[in-house]
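Please read all numbers here as calculations on a predicted model, not as lab measurements. When a ligand or atom number is given, it counts from 1 through the structure's own listing order. Sequential numbering from 1 along the given sequence is applied to the chain's residues.
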Amino acid sequence: MRYSQTLLPTLKETPAEAEVISHRLMLRAGFMRKLTAGVYSYLPYGWAAIRRVEAIVREEMNRAGALEMMMPMVQPADIWKESGRYEKYGPELLRFHDRHDRESCLGPTHEEVITDIIRRELHSYRDLPINLYQIQTKFRDEIRPRFGLMRGREFIMKDAYSFDVDDAGAEVSYRKMYDAYKRIFTRCGLEFRAVQADSGAIGGSFSHEFMVLADTGEDTIVVCKDCEYAANMEKAVVKVVAAEEDVALAELEKIETPGKRKVQAVCEFLDISPATLVKTLVYLADGEPVAVLLRGDREVEEVKLKNLLGVAEVEMAEDKKVFDATGVPTGYLGPVDIKIRVVADQEVAHLHNFVVGGNEKNYHLKNVNMGRDFEVEAVADLRQITTDDPCPECGGKLDLTEGIEVGHVFKLGTSYSESMQALFQDSDGQEKPFVMGCYGIGVSRVVAAAIEQNHDENGIVFPIPLAPYQVIILNLGLKDEAISTAAEKLYEELSAAGIDVLLDDRDERPGSKFKDADLLGIPYRVTVGKSFTKNKVFEIRNRRDGRTEELGPEQTVTTLIKQIQAAL
Ligand code: ATP
Ligand code: MG
């Protein structure tokens with residue numbers, strides 16, 4: 001491609017709206033332009049990068065035996081009502097009525113559509129297993145679209161769905177996708193980890209998220225320094241270190257704590273550690289108040305709470321709501337004779353003689369013990385893990401890092417096939433629901449994540465497999481016939497060898513051509529200028545390590561072809 005003939009509008013200034021580096025660089029390098037919040041037009045350069053990711057995804061999905069297809073973006077509400085998700089799915093699901101007043105929505109994901117297809121088309125165990133995928137535009141009306149392609153409202157996803165006769169089969173399908181994802185992200189040239197994840201509203205038995213490690217990641221992940229364990233914060237299992245048994249239970253005591261409402265203030269006043277105080281927090285679980293007990297120095301992991309209670313939403317209750325529900329002013333709530341439902345973090349079950357709120361203004365209770373002084377509805381792992389906790393698998397040291405979720409594999413089980421009556425006849429003549437899995441990759445997000453991980457102060461540093469062009473040729477003598485002829489010849493020869501080349505034939509100063517080449521992040525830059533006039537050589541520069549060498553025209557062609565082919 002000749003630069004003069006493409007649409008590649010680079011910007012010198014950093015657009016003010018862009019908060020993260022990938023967003024800044026993608027706008028500056030002419031990848032895309034915003035149409036409205038979270039909705040972008042992909043310009044040719046950005047689209048080419050997306051197509052690179054798509055090609056790798058497609059190859060590996062096909063290699064894993066999945067079949068490509070394409071499903072509609074507009075979906076009728078009926079099938080969402082059948083699965084029970086029309087009400088459950090939050091406002092991210094864009095719902096609308098068509099001209100015949102039919103309830104419809106824009107697809108944020110396609111479990112319902114694919115399940116509807118399969119229940120109509122497949123009826124026998126002989127047809128299974130099957131895995132179908134598409135690469136398609138999704139719409140999710142995200143509350144806070146941000147960071148450019150990282151969290152759009154409209155974005156490109158590869159989604160795949162597997163159907164098996166039983167759990168064992170579904171696990172084989174899951175494993176195949178897990179392995180394919182590893183190959184995909186490795187081939188993209190990304191540093192990533194597959195982590196155990198919460199399976200969220202989509203439901204299901206287990207799942208892994210594929211996280212690209214980058215400082216700007218929105219997700220915190222827990223990784224073990226000593227073993228392979230890696231998990232999303234939301235899912236990271238806290239291993240309770242068993243406390244001493246046979247502790248004598250002391251007598252319950254009511255103590256005056258005037259004006260001491262915060263954990264820290266109570267602890268200072270009583271001269272105790274927050275680890276011996278149990279706080280009582282009130283959450284609204286789908287609107288209903290539930291008290292959560294946990295150690296004074298711990299934080300609630302809301303996803304764990306949500307999963308325990310089996311609700312769609314949990315949020316901290318405001319002071320007024322707490323007072324209305326319990327009759328206790330803020331800061332003095334406790335589990336003894338409390339008026340609302342109570343659940344406890346597992347650690348509380350191992351504590352003895354702790355301090356809690358006295359359910360009365362200016363009072364706390366001392367020497368409180370679960371079981372003796374109060375009961376709870378459930379005890380579970382409800383808190384956030386910390387780096388002081390041991391690895392749940394090997395007991396080793398944990399580390400927290402940031403990650404960008406680029407892919408997600410779920411073993412769904414039969415939740416959709418049961419609710420939507422998608423049944424097949426098994427070899428024993430029985431009708432059974434299909435056992436499903438679903439597998440997503442955020443194709444447009446992969447490009448953003450790749451840039452988060454691969455850039456320097458001058459711009460993008462594309463991994464070779466994702467670069468829209470592998471080589472940029474700078475013609476620095478547009479009016480010099482020898483230079484222009486040599487640049488054109490190199491362009492022809494590399495292109496003929498199947499390499500994607502951008503020939504910068506613009507009438508611009510050399511300085512600005514060098515700057516743009518760096519910004520665009522094209523792996524190899526070939527300068528045709530003074531050295532050619534003098535010594536008949538080109539200067540070849542590697543974008544990643546900055547190394548340069550001078551080679552004659554023929555050697556330039558063979559060297560570049562060799563290096564690029566080795567990287568693809
Ligand atoms: P997130 O937690 O980031 O909101 P999710 O878990 O809801 O994502 P999935 O339903 O697992 O997303 O979708 C599969 C993949 O699609 C994700 O792994 C991610 O890479 C991508 N993705 C999801 N939401 C967005 C978005 N708003 N913009 C760009 N990519 C997205
Ligand atoms: Mg996900």
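- Contacts between Glu142 and ligand 1, counted as non-hydrogen atom pairs separated by less than 4.0 Å, involve the side chain only.
- Residue contacts with ligand 1: Ser444 is placed with no nitrogen or oxygen under 3.5 Å of a nitrogen or oxygen of the ligand (distance criterion only).
- In this structure a side-chain-to-backbone donor-acceptor pair under 3.5 Å is present from Gln136 to Met71.
- Of the N or O atoms in Val406, one or more lie within a sub-3.5 Å distance of an N or O in ligand 1.
- Using a distance-only test at 3.5 Å, with no hydrogens or angles considered, no donor-acceptor pair links the side chain of Glu154 to the main chain of Val39.
- Between atom 2 (O) of ligand 1 and the options Glu209, Glu92, Glu405, the minimum heavy-atom separation is to Glu405.
- Relative ring orientation between Tyr89 and Trp80 is described as perpendicular, the plane-to-plane angle rising above 60° on a 0-90° scale split at 30° and 60°.
- Protein contacts to the Mg ion (ligand 2) involving N, O or S atoms at a distance below 2.8 Å are Glu405 OE2, His408 ND1.
- The residue among Ala449, Gly152, Gly38, Gly148 with a heavy atom at the shortest distance from atom 28 (N) of ligand 1 is Gly152.
- Residue contact check for ligand 1: Arg153 places no non-hydrogen atom closer than 4.0 Å to it.
- Distances shorter than 4.0 angstrom occur between a heavy atom of Gly407 and an atom of ligand 1.
- Aromatic ring centroids of Phe424 and Phe163 lie 6.0 Å or more apart.
- In this structure, Tyr40 and His23 have perpendicular ring planes: the angle between them is above 60°, well past the 30° mark.
- Ring geometry for His408 against Phe410 counts as parallel: the plane angle stays under 30°, on a 0 to 90° scale with 60° as the upper cut.
- Using a 4.0 Å heavy-atom cutoff, Leu149 is listed among the residues neighbouring ligand 1.
- Between the side chains of Thr115 and Glu111, no donor-acceptor pair is found at a separation under 3.5 Å.
- Judged by the 6.0 Å distance and 45° axis criteria, Arg95 is positioned over the aromatic ring of Tyr86.
- Aromatic ring pairs are classed by plane angle as parallel below 30°, tilted from 30° to 60° and perpendicular above 60°; the pair Tyr469 and Tyr45 is parallel.
- Atom-to-atom distance recorded for Leu190:CG and Asn454:CG is 7.0 Å, nearest 0.5 angstrom.
- Contact atoms of ligand 1 toward Arg140: 5 (P), 7 (O), 9 (P), 10 (O), 12 (O), 13 (O), 23 (C), 24 (N) (distance under 4.0 Å to a heavy atom of the residue).
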